[in-house]
Structure formats: structure tokens, C-alpha cells
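Scope of the values below: all heavy atoms of this structure, side chains included, with no hydrogens, waters or symmetry mates.
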Amino acid sequence: MGRCYRAGNSHPLCRSVAMITPEIDILLATYNGATFLDEQLQSLAAQDFANWRLIVRDDGSSDTTLAMVENFASHVSQPVEIVRDSETGLGASRNFGRILQRSTAPYFAFCDQDDVWLPHKLSTMRSAIRSAEERAGGQVPVLSHCDLEVVDEKLRLIAPSFRRFSKLRTPHPGEEGRYLMMQNYVTGCAMMGNAVLREKSLPIPDVAMMHDWWLALVAAGTGELVEVGEPLIRYRQHGRNTLGAKSAGLRTYVTRFATRPAKELTRGRAIVARTRAQAVIFADRFDDQADPELVSLLRAYGRTSGQSFFKRKGFVLRNRLFAQDIIRIAAMALVI
């Protein structure tokens, strides 16, 4: 269960906060994050858009993470809800999925425990998503996503653009779903979604690669993905990130396969197997809602697991999967 941390729900301040319906739910998943959490919380308090609620779920921290959240809650005017249940060790993706189920605001934004948001992150992302809603209509799933600054533990700049650093290419308009079939380019902490997207995406299937990948695929297949070009987050790299930023050029892939071929092939096959499963469950769930061509492609991709070597490679060539990101897709095509 969750509750408002304002000296108890009966406190007048808590009642007055509860009367204000938050427009954005900030969804923060934590686990032993005390080292960097305070800077992230302070960056939330410094947002120039103030009508938000913070929903936090901890995954079993043994440090002072929860105490820090409760202390923060006692000093901000926005409502803070801590979700408490008996489960621990869910991992980042399932933890975020649980918090998303608690969200009820018109918009939601995932939040990592170790980053720092620039003061205009919420307002900029909100403007982008509202503009898309005005164009597409209010019942269309919309997801906006921004770039990130890559920084070290002390917030010193490593790279001004996560996209350029990671060599992520933005798909051509209309090709987002095809790209997301095998490769995610939307970072969870850099996205904002609307309530329609939330309702369509839940429950996040267990076979989904990650929560952010699943939501991006749902938005691409049934609604709109909106890219905000500027970096709005300082994306901290400290060696304990669940995923983190990695340079991913041709040399990186060649080095990996040359130095540890068996490990990379095993890893690649596992990724492909999960992307196939994700593709099939998306096609089944949104068969009558998503673009028929995309649904057909995702089903065909799912069937490649039982096909011969040459049919699997033919699928990659026939569907021009190299067109979007030749280096990453080429690496995955080795194990399809």
C-alpha cells in the first residue's frame, strides 16, 4: 500500500495537498541508492513545473534510501507516496512496472535514483507531449523522450549527447516500430507518457525486454513517439548502473566478438529470443489496434525461431532491417 507522508493522512497539510490533482506522476524506483539519491530528489524539487506527485517503490534497500525519501517528503509541498509491499528483488524493470500500476495522473515520467534532472525537464517534456496530443487527438497513446548528458560520478561531463555517445540513430518517420522490434532507442528515465499509453501498456508482460522498451513499442505501434532533441538529464555513470551508457561503434562490437565469441553469441541469442517473445505478445495483444503491417512483421519475426539458418537470414535481408542501424542489427543478425 502507499500513503502520503505528511505526519499522517489526517494532517491538514496532507489533506490540502491531496485536494490538488497532480498532472504528472514521477515514478521513482529505488534500491540501495543513498549515495546519489539526494541530488536527484533535489533536482525534482527544483523543477519549474510544480504540479507533480512522487511515487516511490523500494526494492529492498539495506541502506538509508527510504529514510532519505521520507525526509524529502517532509520538506516538499508536493505529495509523496511510498508503495510498501512484501516483495523485494524484483529488479528495475518489474519495479518500475509496479509503480506504473499506481499512477493515475494524466502524465507519468520514470525517474532513476542516481541522475540529476535539469530544471525544465518536466515542463519541456509536457509541452512536447501536449502538442502531439493536440495534433493526434486525446485518445492516442503518446510518448515523448529526450536526450541526456552523460556525466561521471561527480557530474563531470563525459559526453554532451547520450545519443551521439551511444551511436543511437533515430528511425525514419513511420519506421519506429520496425526499429524497436530488435533495438530500443528510448531511455526510460528520459521519457514521459500519457494516461492512454499507460492504460494500453499495462500490464507490462514478463517477457518484455525492459519496461521502457515495451512502452516505446506500444507508443510506436498504436500511437506516437515524439523526440525532444535537447538533453534534459545528467545521466550519471558510476559502475553500478543497471544498464548505463556505452559507446557502441563498429570497433566495440568487433572487439567483443573477437575477445569473447562464445559469451557474446550466447548473450546475443538470449536477447534475440526475448525480442521474439516480446514481438509475439505485442502482436497478440494489439492485433486489432496496431498498424497491420507492423503486426504482420512482428509475428513473422516471432516465427523465425523455428526456421532454418537461411530463412532466418533471409528474413533480415527481405525486411531491410539493416536500413536503420546497420552495426547493431548486423551484430544481432549473426545470431538470428
Side-chain angles (χ1 to χ4, degrees), residues 93 141 143 163 166-187 200-201 204-225 243 246 248-258 260-336:
S93 184
L143 185 152
R163 290 190 178 284
S166 299
K167 297 179 173 60
L168 288 172
R169 295 189 176 95
T170 300
H172 302 304
E175 296 288 314
E176 295 89 350
R178 292 169 54 86
Y179 187 104
L180 285 160
M181 179 175 72
M182 296 176 64
Q183 171 67 43
N184 187 26
Y185 69 100
V186 180
T187 307
K200 281 188 176 290
S201 299
I204 298 175
D206 290 338
V207 300
M209 288 293 295
M210 285 291 288
H211 62 289
D212 51 5
W213 195 333
W214 174 254
L215 267 78
L217 184 58
V218 173
T222 68
E224 284 200 23
L225 274 172
L243 292 176
K246 299 177 179 67
L250 179 61
R251 179 182 298 179
T252 301
Y253 284 102
V254 170
T255 300
R256 286 180 188 171
F257 276 97
R260 49 187 187 187
K263 182 177 181 179
E264 285 301 311
L265 285 172
T266 299
R267 175 179 172 273
R269 290 188 181 113
I271 292 173
V272 168
R274 290 192 64 188
T275 57
R276 284 190 185 118
Q278 178 174 257
V280 170
I281 199 166
F282 176 92
D284 289 344
R285 186 184 295 187
F286 299 107
D287 179 63
D288 60 347
Q289 301 176 53
D291 172 44
E293 184 176 334
L294 175 62
V295 169
S296 177
L297 177 67
L298 294 176
R299 289 197 191 283
Y301 179 49
R303 290 194 296 268
T304 59
S305 60
Q307 295 177 345
S308 68
F309 173 89
F310 291 106
K311 284 189 176 180
R312 295 197 308 270
K313 307 313 174 191
F315 172 83
V316 174
L317 295 172
R318 185 171 59 257
N319 290 286
R320 300 175 291 105
L321 298 182
F322 291 105
Q324 292 294 345
D325 192 334
I326 189 168
I327 294 175
R328 282 181 171 81
I329 300 302
M332 293 189 69
L334 292 174
V335 295
I336 290 179

If every non-hydrogen atom of [X] is compared with every non-hydrogen atom of [Y], which pair is closest and at what distance?
X: Tyr179; Y: Arg169; result: OH-O, 3.5 Å
X: Leu294; Y: Gly221; result: CD2-CA, 3.6 Å
X: Asp212; Y: Thr187; result: OD2-C, 3.9 Å
X: Ala220; Y: Gly177; result: CB-N, 3.8 Å

For the residue pair [X] and [Y], establish whether any side-chain heavy-atom pair is separated by less than 4.5 Å.
X: Trp213; Y: Ile204; value: no
X: Val295; Y: Asp287; value: yes
X: Asn184; Y: Met210; value: no
X: Gln278; Y: Trp214; value: yes
X: Leu180; Y: Leu225; value: yes

**Flag if over 12 foreign heavy atoms under 6.0 Å of CG, Asp288** = yes

**Request:** Kindly check if the number of other-residue, nucleotide or ligand heavy atoms within 6.0 Å of CD (Glu293) is above 12?
**Result:** no

Looking at [atom1] of [X] and [atom2] of [Y], how far apart are the two atoms once the value is rounded to the nearest 0.5 Å?
X: Leu217; Y: Thr275; atom1: CG; atom2: OG1; result: 10.5 Å
X: Arg178; Y: Asn319; atom1: CZ; atom2: CG; result: 5.5 Å
X: Met182; Y: Leu298; atom1: CE; atom2: CG; result: 11.5 Å
X: Leu297; Y: Met181; atom1: CG; atom2: CE; result: 4.5 Å

Is there a donor-acceptor pair under 3.5 Å between the side chain of [X] and the backbone N or O of [Y]?
X: Thr304; Y: Tyr301; result: yes
X: Glu175; Y: Pro173; result: no
X: Ser93; Y: His211; result: yes

**Fill in**
Those residues at least two apart in sequence (or on a different chain) that pass ring-ring contact (aromatic ring centres under 6.0 Å, His included) with Phe286 are Phe282

**Request:** Using the side chain to side chain contact (heavy atoms under 4.5 Å, CB included) rule, take Arg163 and Tyr185 through it: C-alpha gap first, then chi angles, then the decisive distance, then the call.
**Result:** CA-CA 8 Å; Arg163 290 190 178 284; Tyr185 69 100; 3.9 Å; yes

**Message:** As a quick check of understanding, evaluate side chain to side chain contact (heavy atoms under 4.5 Å, CB included) for Met209 and Ile271, giving each step before the final call.
**Reply:** CA-CA 8 Å; Met209 288 293 295; Ile271 292 173; 3.9 Å; yes

**Message:** For a side chain to side chain contact (heavy atoms under 4.5 Å, CB included) check, start with the C-alpha distance between Asp284 and Arg299, then their side-chain angles and the critical distance, and finish with the verdict.
**Reply:** CA-CA 9 Å; Asp284 289 344; Arg299 289 197 191 283; 2.6 Å; yes

